[in-house]
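Remarks on the structure that follows.
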Amino acid sequence: MKDTLRHAGKRKQLVEVLIQKEIKDTSVLAAIAKIPRHLFMDSGFEDHAYQDKAFPIGADQTISQPYTVAFQSELLQISKEDRILEIGTGSGYQTAVLCELGAKVYSIERQKALFKKTKLFLSKLGYRPKHLSFGDGYKGLKEHAPYDSILVTAGAPFVPKPLLSQLKINGRLVIPVGEKVQVMTLFVRKSETEFEKHEFGEFRFVPLLEDKN
Ligand code: SAH
């Protein structure tokens, strides 16, 4: 599959939809206007790629809805060169958005096949995250901590402690918390021990699973 002017036109329309839904961060919108989302999905689903919908990507997983990707990315308030940890690499679409925002991206995926496929695919597309890791996101990624921001892209039944402790002071954790439905939650680290908590309404994610290994 290729990226064509027709695809670029559809991306522009998607960006308009996101603006109507009150996404304001121009760098996030520019990233979505640029990234060929259809290439992150199986070729048969190309027509669905620029609808504002989540979509199955195999192995019971989904590529997040563009609105959700934009909403989470906006909440992170990323500056260039920020060190960001993403939990749940999945298709790599959100990873690509973080790369476009100029972040140094670390990302963890617990499904081996998806991890391998996405690693290869991102490099083919020319994206260079700092580190893609196969493992359990509940533990974070201590070797490269602390992070300016941590983003969880699966529904977490509770907030994993290691993620809070791997944040810099003033660092931000964006995490959907809940079992069947998740409340989008932002934690800002104010000191070693204090965190400010903000909630932003309901979303639906595939579950953040505990490691079986
Ligand atoms: N950011 C992805 C979203 C994929 S869905 C995208 O843009 O496509 C969530 C992903 O989280 C799935 O790929 C799932 O396998 C992964 N996941 C679930 N539990 C996990 C865990 N404990 N550690 C790391 N990844 C996990």
Side-chain angles (χ1 to χ4, degrees), residues 11 14 18 28 31-32 34-42 45 48-76 78 84-101 103 105-122 125 127 129 131-145 147 149-163 166 173-182 184 203-213:
R11 282 200 287 280
L14 173 60
L18 298 178
V28 170
I32 288 172
K34 185 169 170 192
I35 301 170
R37 188 172 187 257
H38 62 288
L39 300 182
F40 291 74
M41 297 162 52
D42 289 341
F45 304 127
H48 300 265
Y50 296 108
Q51 294 175 5
D52 188 23
K53 286 187 182 151
F55 215 79
I57 53 170
D60 283 335
Q61 298 308 323
T62 53
I63 178 169
S64 299
Q65 183 180 346
Y67 174 72
T68 305
V69 171
F71 192 88
Q72 290 194 292
S73 302
E74 195 167 70
L75 277 183
L76 293 169
I78 293 172
I84 312 285
L85 175 64
E86 177 191 24
I87 313 295
T89 317
S91 70
Y93 181 72
Q94 172 77 68
T95 317
V97 170
L98 298 172
C99 290
E100 286 289 350
L101 295 172
V105 186
Y106 299 80
S107 186
I108 313 176
E109 172 57 52
R110 73 179 283 283
Q111 287 206 31
K112 190 82 181 243
L114 204 49
F115 161 75
K116 282 188 176 164
K117 185 177 164 197
T118 298
K119 189 170 184 175
L120 190 68
F121 173 70
L122 282 174
L125 265 191
Y127 287 107
H131 188 70
L132 294 178
S133 167
F134 167 62
D136 179 13
Y138 274 93
K139 301 190 182 77
L141 195 62
K142 212 173 170 192
E143 306 89 280
H144 299 283
Y147 303 96
S149 291
I150 300 179
L151 169 61
V152 180
T153 70
F158 59 90
V159 181
K161 287 263 158 58
L163 301 187
Q166 291 174 23
L173 168 64
V174 172
I175 179 168
V177 186
E179 304 265 353
K180 280 200 179 119
V181 176
Q182 292 82 33
M184 190 64 76
F203 288 76
R204 271 170 205 274
F205 286 80
V206 295
L208 186 69
L209 297 171
E210 302 252 18
D211 211 359
K212 295 184 200 96
N213 304 324

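As a basis for the values below, the full set of heavy atoms in this structure was taken, side chains included, without hydrogen atoms, waters or symmetry mates. Whatever order the structure lists ligands and atoms in, that order sets their numbers, starting from 1. Here, residue 1 is the first one in the sequence, and each next residue gets the next number.
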Using a heavy-atom cut-off of under 4.0 Å, does the side chain or the backbone of Q94 touch ligand 1, or both, or neither?
-> both

Of all residues at least two apart in sequence or in a different chain, which pass the salt bridge (Lys or Arg N to Asp or Glu O under 4.0 Å) check with E100?
-> K34

Sorted by chain and number, sequence neighbours left out, salt bridge (Lys or Arg N to Asp or Glu O under 4.0 Å) with D42 holds for none

Which of the atoms in ligand 1, numbered in the order shown and given with their element, are less than 4.0 Å from a heavy-atom of E86?
-> 1 (N)

Options T153, L208, V97, ranked by nearest heavy atom to atom 3 (C) of ligand 1, top entry | T153

Going by the atom numbers of ligand 1, which of them fall below 4.0 Å from some non-hydrogen atom of G90?
-> 4 (C), 13 (O)

What atoms of ligand 1 come within less than 4.0 Å of a heavy atom belonging to S64?
-> 3 (C)

Taking only non-hydrogen atoms of Q111 and a 4.0 Å limit, the atoms of ligand 1 in range are 15 (O)

Do R37 and H48 touch side chain to side chain, with heavy atoms closer than 4.5 Å?
-> no

Could you tell me whether the side chain of T62 and the main chain of F55 form a donor-acceptor pair under 3.5 Å?
-> no

The atoms of ligand 1 lying under 4.0 Å from a heavy atom of L114, numbered in the order shown, are 13 (O)

Judged by atom type as modelled, is there a donor-acceptor pair below 3.5 Å linking the side chain of E109 to the main-chain atoms of G90?
-> yes

Would you check if L151 and L98 make a side-chain contact, meaning some heavy-atom pair closer than 4.5 Å?
-> yes

Judged by atom type as modelled, is there a donor-acceptor pair below 3.5 Å linking the side chain of Q94 to the main-chain atoms of S64?
-> no

Relative to the heavy atoms of T62, which atoms of ligand 1 are at a distance of less than 4.0 Å?
-> 3 (C), 4 (C), 5 (S), 8 (O)

Indicate yes or no for a side-chain donor-acceptor contact from Y138 to the backbone of P162 under 3.5 Å, with no hydrogens or angles considered.
-> no

Within-shell test, T89 vs ligand 1, heavy atom, strictly < 4.0 Å | yes

With a 4.0 Å heavy-atom cut-off (strictly under), which part of V206 contacts ligand 1: side chain, backbone, both or neither?
-> side chain

What atoms of ligand 1 come closer than 4.0 angstrom to any heavy atom of I108?
-> 24 (C), 25 (N)

For S107 and ligand 1, answer yes if some heavy atom of the residue is under 4.0 Å from a ligand atom, otherwise no.
-> no

Can you find a heavy atom in the side chain of L75 that is under 4.5 Å from one in the side chain of S149?
-> no

Proximity of Q61 to ligand 1 by residue part, where a heavy atom lies under 4.0 Å | side chain

Close N or O approach (L209, ligand 1; < 3.5 Å) | yes

From the candidates G155, G137, A113, S91, the one that places a heavy atom nearest atom 6 (C) of ligand 1 | S91

How many angstroms lie between atom CD1 of I150 and atom CD1 of I87, to the nearest 0.5 angstrom?
-> 6.5 Å

Can you figure out which of G88, A156, G135, A154 has its heavy atom closest to atom 1 (N) of ligand 1?
-> G88

